[in-house]
Amino acid sequence: MASISLKHIFKIYSGDVTAVSDFNLEVPDKEFLILVGPSGCGKSTTLRMIAGLEEISKGELYIGDRLVNDVAPKDRDIAMVFQNYALYPHMTVFKNMAFGLELRKVPKDVIKEKVEEAARILDIEHLLNRKPKALSGGQRQRVALGRAMVRDPAVFLLDEPLSNLDAKLRAAMRTEITKLHKKLGTTFVYVTHDQTEAMTMGDRIVVMKDGFIQQVDTPQNLYDKPCNKFVAGFIGSPQMNFIKVTIVKEGDMFYSTFGDYKLEIPRGKTVDGTFDAYIGKEVTMGVRPEAIHDDELFLSEFPNLKVKADVEIAELMGSEIYIYMVVEGNNIVAKVPPRSTYKPGDNISIAIDMTKAHFFDNETEKAICN
């Protein structure tokens with residue numbers, strides 16, 4: 001087992017194209033770490049540098065206590081699972097899983113034992129004599145995981161391993177990989193662009209954008225306390241709503257104003273003086289879809305948080321409804337219980353739970369308060 005340490009890592013391609021900038025991260029032994037971000041943010045490049053498939057331009061990479069910048073991939077004690085499975089089509093499942101061990105001249109009885117044990121854990125024992133073309137996508141992904149497992153690596157690296165699967169299978173495999181991590185007790189570094197995967201699987205998540213780390217935190221902290229507008233908008237589905245508002249102070253109370261509305265900001269958010277520098281200035285208010293309420297109880301209890309909205313689309317999702325609306329020219333999504341019967345064109349009352357509101361500086365996009 002091993003920890004991973006990345007110190008001031010850069011990846012610069014010819015033409016002075018920087019894919020990863022000053023990446024600093026400590027991954028403790030046995031952690032399940034997720035790298036997440038939009039396409040082109042540098043997450044797969046970072047993973048490939050850990051694997052040794054990409055050369056590090058600047059910085060130091062340690063696996064355990066060993067500096068591995070110039071160590072060949074095969075000698076790094078890592079195993080990688082790719083998006084496209086990378087199985088040999090002419091070999092059986094058993095042979096695919098055993099191939100790496102055969103190259104290392106591991107005794108045949110040990111190989112058989114390791115492959116059968118991995119197959120049992122992954123529930124693919126009945127597939128060992130089949131070839132990849134006779135397998136479903138989920139079965140191929142299990143074989144790819146099994147091939148990595150038999151090597152007993154110190155570190156598992158997984159590069160978008162579920163992106164080729166359908167939604168139902170992807171959800172099932174998320175659970176399987178999480179259980180596998182707990183069973184093996186090995187360090188996992190997992191790359192995905194799917195923030196649902198990141199939120200449900202990782203001990204910690206690294207959110208990346210344009211080659212830079214934006215925030216490293218637990219899933220819940222990323223959701224509740226995003227450090228900037230990008231993280232706030234990236235984490236959560238549907239994504240956070242953003243409204244341009246002006247901060248107003250009356251007496252010792254602060255208000256968030258837009259259009260004809262003046263919404264009181266709870267004292268807990270303003271008591272430390274954070275908003276003093278923003279009086280009379282425009283900032284961005286962020287509100288998650290579940291912090292927008294349409295029920296009569298909330299509306300009657302907090303009439304001063306009520307706004308009018310024009311319904312554009314109502315999507316029934318089974319256990320909830322997503323309402324897409326316009327409020328004072330702002331596009332807003334609310335996530336409400338399925339009792340609602342809204343139709344496009346309806347003008348409805350909603351209330352914004354200001355205890356759950358986030359505020360961001362318009363220039364720096366950094367969080368003012370969460």
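All residue numbers refer to positions in the sequence shown, counting from 1.
Under the 3.5 Å distance criterion, the side-chain polar atoms of Arg120 are left unmatched by any main-chain donor or acceptor of Glu125. Between the side chain of Asn362 and the backbone N or O of Thr284 there is at least one donor-acceptor pair closer than 3.5 Å. At least one donor-acceptor pair under 3.5 Å links the side chain of Asn241 to the backbone N or O of Val287. Between the side chain of Lys11 and the backbone N or O of Glu55 there is at least one donor-acceptor pair closer than 3.5 Å. The main-chain N or O of Ala72 is never found under 3.5 Å from a side-chain atom of Asp75 such that the two would form a donor-acceptor pair. Side-chain atoms of Gln139 come within 3.5 Å of backbone atoms of Ser136 as a donor-acceptor pair (strictly under, hydrogens ignored). Distance alone, capped at 3.5 Å, places no donor-acceptor pair between the Arg174 side chain and the Glu197 backbone. The closest donor-acceptor contact from the side chain of His181 to the backbone of Thr186 lies under 3.5 Å. Of the possible polar contacts, none joining the Asn96 side chain to the Ala144 backbone as a donor-acceptor pair under 3.5 Å is found. Here the side chain of Asp29 pairs a donor or acceptor atom with the backbone of Ala2 at under 3.5 angstrom.
Note on Val115 and Leu184: same hydrophobic cluster, where clusters join Ile, Leu, Val, Met, Phe, Trp and Tyr whose side-chain heavy atoms are under 4.5 Å apart, directly or indirectly. By the rule that hydrophobic residues join a cluster once side-chain heavy atoms approach within less than 4.5 Å of another member, Val189 and Phe82 end up as members of one cluster. Both Met354 and Ile279 belong to a common hydrophobic cluster when Ile, Leu, Val, Met, Phe, Trp and Tyr are linked at side-chain heavy-atom distances under 4.5 angstrom. Met97 and Leu135 fall within a single hydrophobic cluster, where Ile, Leu, Val, Met, Phe, Trp and Tyr side chains are chained together by heavy-atom contacts under 4.5 Å. Note on Met240 and Ile235: separate hydrophobic clusters, where clusters join Ile, Leu, Val, Met, Phe, Trp and Tyr whose side-chain heavy atoms are under 4.5 Å apart, directly or indirectly.
A salt bridge links Lys95 to Glu102: one of the charged nitrogens lies within less than 4.0 Å of a carboxylate oxygen. Of the charged side-chain nitrogens involved, at least one lies within less than 4.0 Å of a carboxylate oxygen, so that Asp252 and Arg267 count as a salt-bridged pair. Salt bridge status for Lys114 with Asp152: present, with a side-chain N to carboxylate O gap under 4.0 Å.
Side-chain contact check for Glu31 and Thr187: no donor-acceptor pair (N or O, by modelled atom type) lies under 3.5 Å. Residues Thr45 and Glu54 have side chains that never bring a donor and an acceptor to within less than 3.5 angstrom of each other. For the residue pair Gln195 and Tyr223, no side-chain donor N or O sits within less than 3.5 Å of a side-chain acceptor on the partner. With 3.5 Å as the limit, one finds no donor-acceptor pair spanning the side chains of Asn228 and Gln215.
No cation-pi contact links Lys269 to Phe254, judged by a cut-off of 6.0 Å to the six-membered ring centre and 45° from its axis.
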Derivation of the side chain to side chain contact (heavy atoms under 4.5 Å, CB included) call for Leu127 and Val143: CA-CA 9 Å; Leu127 305 175; Val143 175; 5.6 Å; no
Trace of the side chain to side chain contact (heavy atoms under 4.5 Å, CB included) decision for Val81 with Gln141: CA-CA 8 Å; Val81 180; Gln141 191 54 271; 3.2 Å; yes
Side chain to side chain contact (heavy atoms under 4.5 Å, CB included) between Met317 and Lys335, worked out: CA-CA 10 Å; Met317 306 299 287; Lys335 193 191 283 188; over 6 Å; no
Side chain to side chain contact (heavy atoms under 4.5 Å, CB included) between Met173 and Leu145, intermediate numbers included: CA-CA 11 Å; Met173 284 300 294; Leu145 284 166; 3.9 Å; yes
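With rounding to the nearest 0.5 Å, the separation of CD1 in Ile313 from CD1 in Ile323 is 12.0 Å. Atom CE of Met49 and atom CG of Asn69 lie 10.0 Å apart (nearest 0.5 Å). For the atom pair Lys209 NZ and Cys41 SG, the distance stands at 11.0 Å (nearest 0.5 Å). Rounded to the nearest 0.5 angstrom, Asp159 CG and Tyr190 OH are separated by 10.0 Å. Once rounded to the nearest 0.5 Å, the distance linking CG of Asp276 with NZ of Lys249 reads 5.5 Å. In this structure, CD in Glu176 is found 10.0 Å from CG in Leu169, a value given to the nearest 0.5 Å.
Scanning both residues, Met325 and Ala334, for their nearest heavy atoms gives CE-CB, 3.5 Å. When every heavy atom of Ala86 is checked against every heavy atom of Arg147, the shortest pair comes out as O-NH1, 2.7 Å. The heavy-atom pair separating Ile34 from Phe32 by the smallest distance is CD1-CE2, 3.7 Å. For the pair Leu35 and Leu47, the tightest heavy-atom approach, listed with the atom from each and the gap, is CD1-N, 4.5 Å. Of all non-hydrogen atoms in Pro28 and Arg204, the two that sit nearest each other are CD-NH2, 3.7 Å. Nearest heavy atom pair, residue Ile350 against residue Leu299, reads C-CD2, 3.6 Å.
Counting only heavy atoms from C-beta outward, the side chains of Leu25 and Val216 approach each other to under 4.5 Å. Residues His293 and Val336 are not in side-chain contact: their nearest non-hydrogen atoms beyond the backbone lie 4.5 Å or more apart. Counting only heavy atoms from C-beta outward, the side chains of Val283 and Val245 approach each other to under 4.5 Å. In this structure, Tyr261 and Lys308 have side chains that are in contact, with non-hydrogen atoms separated by less than 4.5 Å. Under the 4.5 Å side-chain criterion, counting only non-hydrogen atoms from C-beta, Val307 is not in contact with Asp260. In this structure, the side chains of Phe275 and Phe359 come closer than 4.5 Å at one or more pairs of heavy atoms. Counting heavy atoms from C-beta on, the side chains of Lys244 and Phe258 never come closer than 4.5 Å. Annotation: side chain of Phe298 is in contact with side chain of Asp353 (closest heavy-atom distance under 4.5 Å).
Other residues, nucleotides and ligands contribute only 12 or fewer heavy atoms inside 6.0 Å of the NZ atom of Lys225. Within 6.0 Å of the CG atom in Asp272, the count of heavy atoms belonging to other residues, nucleotides or ligands exceeds 12.
The aromatic rings of Phe188 and Phe156 lie parallel to each other, their planes meeting at an angle below 30°, with 60° marking the opposite boundary.
Paired with Val27 under the rule side-chain contact (heavy atoms from CB on, under 4.5 Å), one option of Leu33, Ile63, Ile50 passes, and it is Leu33.
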